[in-house]
Amino acid sequence: ARRVRALRAAVFAIAAAGLALACSAPPEPVVVDLGVHRVSFIIPEGWQHYDHGREHRLETGEGDLVLTDLGPVAAAGYRTVVLEARDLTRRGQREEAAELLNGLADGPVVENDALRVELENCLDAVWRGRPTAATQAAFDSLLDEIDRLPEPDLEVLATLALEDLDHGPRRAIERRERLILDGREAHRILTWQRLTHNGRLRHVFVVNRGSLLVVRTTMGRDEVLGPAFDTVVRSLVFVEPETQSAR
């Protein structure tokens, strides 16, 4: 009987250890499509995940995290959009093509004078319904100009994007730093209230497939947001088909 009790105790101990190990296993990352990006990341414990296409939100009662595709900022991203617009014109969908090109005109692309001129010429050809050959020539010129673009300065891109997000005159940059995120250069910016030095917000910017991705906090308690933000950023992985370039 004593041996039976000892055996039962050993079996129970092994089962309990297995249960504890299973309960302490790290959470599995989710894989999502985020605009042009396909990424995986770990959802912090207790947070809810909402998929809005180009934007994914993580929410809890004490804070919000947002991952957003801010659109093309480099040659690879511009080329993808222009090729899609050209395909739409070939199918007679000129309004849809013009909408895509107008989206480029609203972004950092307008900072390049030569590219702005070619974009305006291409938009004019699309809107005016010029003959097919003339319209396609305008697209070709625009694509040639895109291929001449240098690699963007990530710090400049991050600063421009920050102004469009939440960085009003009452906020100041507390700290900025470079980091490597899944093999890619990334730029982290922390901001806070200019006068009180509270209300800290976190941002990480990274370029993938020629488009700018940002992970940021929007509201909530810092002691809750900080660890959750670190969990998402540290676990972020870009899941790309083997035939596609990362930039």
Side-chain angles (χ1 to χ4, degrees), residues 11-71 154 158 161-162 164-168 171-193 196-209 211-241 244 246:
V11 170
F12 177 80
I14 293 173
L19 180 61
L21 182 62
C23 292
S24 63
E28 290 293 324
V30 296
V31 179
V32 303
D33 289 315
L34 178 63
V36 302
H37 315 280
R38 173 164 288 185
V39 298
S40 71
F41 57 87
I42 291 175
I43 299 174
E45 184 178 356
W47 289 66
Q48 298 298 316
H49 173 217
Y50 301 95
D51 181 347
H52 299 293
R54 293 179 67 92
E55 183 169 277
H56 284 239
R57 302 188 66 89
L58 304 179
E59 299 179 2
T60 184
E62 298 180 284
D64 291 349
L65 286 170
V66 185
L67 299 89
T68 310
D69 178 3
L70 295 177
L154 183 56
L162 187 66
D164 291 333
L165 292 174
D166 50 44
H167 194 63
R171 300 195 64 81
I173 293 176
E174 174 195 359
R175 185 169 73 252
R176 60 167 78 221
E177 56 192 351
R178 295 183 180 274
L179 65 152
I180 300 299
L181 186 58
D182 191 27
R184 296 158 173 79
E185 180 187 359
H187 195 75
R188 175 160 41 205
I189 301 178
L190 278 70
T191 69
W192 56 12
Q193 295 288 348
T196 61
H197 288 182
N198 59 16
R200 180 179 286 111
L201 296 177
R202 293 168 166 80
H203 315 73
V204 166
F205 300 90
V206 59
V207 176
N208 175 63
R209 299 185 66 190
S211 288
L212 186 61
L213 172 67
V214 60
V215 184
R216 62 191 178 100
T217 58
T218 61
M219 59 181 297
R221 295 195 299 122
D222 192 58
E223 57 269 31
V224 174
L225 291 176
F229 181 81
D230 290 342
T231 293
V232 173
V233 171
R234 290 172 181 169
S235 66
L236 189 70
V237 174
F238 292 92
V239 183
E240 303 286 354
Q244 291 181 335

How many angstroms lie between CG in Asp64 and OG1 in Thr218, if you round to the nearest 0.5 Å? 4.0 Å
Check against side-chain contact (heavy atoms from CB on, under 4.5 Å), Arg216 and Leu201: CA-CA 7 Å; Arg216 62 191 178 100; Leu201 296 177; over 6 Å; no
What distance do Trp47 atom CH2 and Glu59 atom CD have between them, rounded to the nearest 0.5 Å? 9.0 Å
Can you see which heavy atom on Val206 is nearest to which on Ala186, and at what distance? CB-CB, 4.1 Å
Could you give me the CA-CA distance, side-chain angles and deciding distance for Leu212 and Leu154, then say whether side-chain contact (heavy atoms from CB on, under 4.5 Å) is met? CA-CA 9 Å; Leu212 186 61; Leu154 183 56; 4.1 Å; yes
Could you go through Val204 and Leu236, starting from their C-alpha distance and side-chain angles, then the distance that decides it, and tell me whether this counts as side-chain contact (heavy atoms from CB on, under 4.5 Å)? CA-CA 11 Å; Val204 166; Leu236 189 70; over 6 Å; no
Counting N and O atoms only, with roles assigned by atom type, does the side chain of His37 sit under 3.5 Å from a partner on the main chain of Val32, one being a donor and the other an acceptor? no
About how many Å separate OG1 of Thr68 and CZ of Phe205, when rounded to the nearest 0.5 Å? 9.5 Å
With distance as the sole test, does Arg202 use its side chain to make a donor-acceptor pair with the main-chain N or O of Phe229 at under 3.5 Å? no
Report yes or no: does His203 contribute a side-chain atom to a donor-acceptor pair with the main-chain N or O of Ile189 at less than 3.5 Å? yes
Out of curiosity, Ile43 CD1 to Thr60 OG1, how far, rounded to the nearest 0.5 Å? 12.0 Å
Those residues that, when tested against Gln193, pass side chain to side chain contact (heavy atoms under 4.5 Å, CB included) (two or more places apart): Arg170, Arg171, Thr196, Asn198
Taking the inter-plane angle between the rings of His197 and Trp192 on a 0 to 90° scale, is it parallel (under 30°), tilted (30 to 60°) or perpendicular (over 60°)? parallel
pair Leu58-Pro44: side-chain heavy atoms closer than 4.5 Å: yes
Quick check for you: to the nearest 0.5 Å, what is the distance between Ile42 atom CD1 and Glu28 atom CD? 8.0 Å
Can you name the nearest heavy-atom pair linking Ser40 to Val31, along with the distance? CB-CG2, 3.8 Å
Sequence neighbours excluded, which residues qualify as side chain to side chain contact (heavy atoms under 4.5 Å, CB included) partners of Arg54? Asp69
From CG (Leu179) to CD (Glu185), nearest 0.5 Å: 9.0 Å
Would a distance-only check, ignoring hydrogens and angles, find a side-chain to backbone donor-acceptor pair under 3.5 Å from Ser235 to Val232? yes
Can you find a pair of side-chain heavy atoms, one from Leu213 and one from Asn208, that are under 4.5 Å apart? no
Does CD in Glu177 sit with more than 12 non-hydrogen atoms of other residues, nucleotides or ligands closer than 6.0 Å? yes
Are more than 12 heavy atoms, taken from residues, nucleotides or ligands other than Glu223, located less than 6.0 Å from that residue's CD atom? yes
Would you sort out whether Val215 and Phe41 count as a side-chain contact (heavy atoms from CB on, under 4.5 Å), showing the intermediate values? CA-CA 11 Å; Val215 184; Phe41 57 87; over 6 Å; no
